[in-house]
Amino acid sequence: MTGDWRAGFLAPRLRWVQVAKTARSRGLAALQDEHRLELAACDFTTGEVRRLGVPTDGFIDSAWVAADATSAFFLADEGGNELGHVHRVTLDDTNAIGDMTPGLPDYALRGADVSADGETLVLDIVTDEGYDLVCLPARGTPVASPRHLVRTVHEAWNCRVSADGTVATLDTTDHAPGTRRFAVTAYDTATGAVLGRLILPSPGAANAVCFSPHPGDQRVLIASQRAGDRSGVLVWDPVGDTIVELLEETAATVVPLDWSPDGRHALLCVELLSAQWLERVDLRTGERERLDLPTGSFRSPYLRTSQFGAGGSVLASHEHGMSPLRLIAWHAPSRHRVLLGGDGSPDRAGFEHVVFPSSDGTQIQGWLARPTGTGPFPAVVHCHGGPHVSVADEFTPAARAWVDHGFAYLTVNYRGSSGRGRAFEEQIHGDVGHWELEDLAAAHRWLVDEGISVGGEILINGESYGGFLVLYALGRQPELWAAGIGEVVLADWELTHHDSPLAMRRLDEMLFGGPPETHGDLYRERSPLTYVDEVRAPILLWQGSNDTRTPPGQVVAYAERLVARNHPFELHWFEGGHGFGDEGGHLAHLDRAIAFARNAVGG
Ligand SMILES: CSCC[C@H](NC=O)C(=O)N[C@@H](C)C(=O)O
């Protein structure tokens with residue numbers, strides 16, 4: 001795995017693609033280049049990708065395309081702070097932009113959808129008052145105030161609206177506050193009346209994926225999680241009060257992604273220890289068909305999905321570790337072709353899928369990239385954010401950079417990651433940091449036992465919740481790590497909680513079992529700031545000045561304690577929110593990180 005990793009990093013690439021519900025040959029994409037990440041209108045037939053001049057943050061849920069692809073909606077925030085208003089941009093030559101909710105205070109967004117008939121927009125907006133499901137016309141002049149359907153103070157995500165706009169759903173937790181064991185609640189969009197609620201037996205969770213494509217049909221495709229490892233697909237009719245259990249898996253995790261425009265099929269992503277493939281299931285017969293597509297990944301929580309295209313096709317958002325997103329149209333076995341994206345070298349060797357035991361015998365999965373030769377190599381153990389997401393075999397240009405500089409790179413789906421069932425995901429609740437550090441120590445041990453690396457040459461790296469793990473590991477396992485590198489890190493839970501909007505505070509309360517007012521001891525016990533004096537390794541950090549997820553104050557507090565000890569560290573600030581918008585900035589960071597790492601391992 002050698003070559004010009006810089007070019008791979010900086011070449012324009014697609015981060016996600018969305019398909020319009022009733023104009024399936026067109027859609028919306030997030031296009032990344034050296035200088036910016038912005039929205040683009042796509043025509044899958046001609047291959048045209050046209051920039052809209054609208055910046056975006058990389059989350060697929062911060063922007064979405066209208067059903068007929070004549071416009072798109074996005075959250076316009078203030079310098080990356082994720083608080084603002086939903087705007088509409090027309091996808092014609094004018095790209096006219098207008099605020100959809102001019103009468104509302106700034107809000108965070110936890111979901112949005114537009115009906116297949118193009119008329120109705122639903123938003124799940126979050127202010128310090130609570131989570132509000134609102135409904136407004138998707139076309140025409142924005143209304144002064146949208147229709148308010150419901151307010152809840154407990155976490156509620158991911159709203160969906162029926163094809164004719166008469167029924168909306170919200171994934172709610174009123175029945176189980178302080179958890180993400182969601183129920184799906186359906187509302188009449190004219191009156192706000194509750195039409196039905198789908199609550200799976202505890203500790204199950206249900207999430208609405210999408211409504212039937214047909215106006216008048218109020219059935220919803222549901223992703224279900226149940227006790228243990230069980231995951232499945234349901235079709236729920238909140239109006240007719242019926243549930244059809246379409247399929248259930250125990251060995252693998254199955255995630256429904258889309259309902260075909262002809263109503264016949266659902267698209268599924270099946271995941272086995274983070275290896276993914278796509279299947280299509282016939283909604284009448286339950287017959288499943290695995291799509292013959294290249295090895296790699298097809299979805300990533302919050303970041304990327306695959307959907308049905310026009311004419312019965314599937315538009316697969318395919319990536320692997322060393323190959324950027326390609327939109328592949330699958331028509332039938334052995335009949336698929338690339339419509340957009342890629343970099344011309346999808347056959348480049350990528351990640352190795354590895355599994356190793358943690359201290360309690362639980363098998364932990366990771367993705368490894370290593371230089372050619374026998375090693376040992378200095379190594380980077382990477383921790384993803386979330387924590388309830390997982391890393392698939394997805395494009396990771398940083399991994400290529402590390403490998404080209406002689407480092408092995410191992411990204412770990414530690415305890416708390418999604419895709420391994422509820423027990424695996426929830427094991428960290430009330431015990432934040434404990435199992436994650438056990439699993440990261442296991443990764444360290446495995447790299448040494450396999451002869452891939454040697455003990456004193458392993459660094460730890462991560463972003464967001466992964467950045468929390470970097471600092472927590474440096475303080476709690478100082479003997480293990482040669483250096484720590486973090487982006488948008490969390491150094492203190494209590495300070496973070498107090499500086500965060502409600503949309504983020506609910507995550508902390510779920511992880512700790514309550515707010516700092518009642519669970520302050522645990523917040524302090526599991527905060528890196530508490531262990532800052534134990535840290536031995538040098539630290540390199542990047543933080544966004546407008547970040548509302550891992551706000552600046554808590555990192556400043558941590559840095560002040562390092563200064564007081566005269567401990568070697570660097571803290572670099574960038575203008576932005578919870579991540580780099582420009583790959584130029586990201587690349588400069590990586591250059592610095594590699595030089596810093598070489599220095600730390602004496603290279
Ligand atoms: C409290 S950890 C930092 C917030 C976290 N970001 C990255 O790890 C985050 O945004 N989590 C989201 C996805 C959430 O679960 O609410």
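When a ligand or atom number is given, it counts from 1 through the structure's own listing order. Remember, predicted model here, so these are calculated numbers, not experimental data.
Side-chain atoms of Thr101 and Tyr107 include a donor-acceptor pair closer than 3.5 Å. Side chains of Arg197 and Thr185: a donor-acceptor N/O pair is present below 3.5 angstrom, by distance only. Side-chain contact annotation: His578 with Ser464, donor-acceptor N/O pair under 3.5 Å present. There is a side-chain donor-acceptor pair under 3.5 Å between Glu438 and Ser359. Residues Ser417 and His384 bring a donor and an acceptor atom of their side chains to less than 3.5 Å of each other. Judged by distance alone, the side chains of Ser297 and Arg304 do bring a donor and an acceptor atom under 3.5 Å apart. No side-chain N or O of Tyr472 forms a donor-acceptor pair with one of Glu436 less than 3.5 Å apart. A donor and an acceptor atom, one from each side chain of His589 and Glu487, are located under 3.5 Å apart. A donor atom on one side chain and an acceptor atom on the other are found under 3.5 Å apart for His148 and Asp132.
Judged by the shortest distance from any of its heavy atoms, Arg180 lies inside the 4.0 Å radius around the atoms of ligand 1. Contact analysis leaves His384 out of contact with ligand 1, as no non-hydrogen atom separation drops below 4.0 angstrom. In this structure, Trp157 has a heavy atom closer than 4.0 Å to ligand 1. Using a 4.0 Å heavy-atom cutoff, Arg506 is absent from the residues neighbouring ligand 1.
Judged by distance alone, with hydrogens and angles left aside, the side-chain atoms of Asn158 form no donor-acceptor pair with the main-chain N or O of Gly111 at under 3.5 Å.
Using a 4.0 Å cut-off to heavy atoms of Tyr302, the atoms of ligand 1 that qualify are 13 (C). Shown in contact with Gly385 at under 4.0 Å from a heavy atom are these atoms of ligand 1, numbered in order with element: 8 (O). With ligand atoms numbered from 1 in the order given, ligand 1 contributes 6 (N), 7 (C) to contacts under 4.0 Å with heavy atoms of His578. Close approach of ligand 1 to Leu507 is summarised as follows: ligand atoms under 4.0 Å from at least one heavy atom of the residue are 1 (C), 11 (N), 14 (C), 15 (O), 16 (O). Residue Met504 has at least one heavy-atom neighbour below 4.0 Å for each of these atoms of ligand 1: 4 (C), 9 (C), 10 (O). Residue-ligand proximity, Leu490 to ligand 1, at heavy-atom distances under 4.0 Å covers atoms 1 (C). For ligand 1, the atoms closer than 4.0 angstrom to any heavy atom of Tyr465 are 2 (S), 7 (C), 8 (O).
The protein non-hydrogen atom at the shortest distance from atom 11 (N) of ligand 1 is Gly386 O, 3.0 Å. The protein heavy atom nearest to atom 12 (C) of ligand 1 is Arg549 NH1, 3.6 Å.
Taking only nitrogen or oxygen atoms, main chain and side chain alike, Trp493 does not reach within less than 3.5 Å of ligand 1. On a distance-only criterion, Ser464 and ligand 1 share at least one N/O pair closer than 3.5 Å.
At a 4.0 Å heavy-atom cut-off, ligand 1 does not touch His388 at all. Neither the backbone nor the side chain of Thr496 comes within contact range of ligand 1; no heavy atom lies under 4.0 Å.
Distance CG/Asp533 to CZ/Arg561: 5.0 Å, rounded to 0.5 Å.
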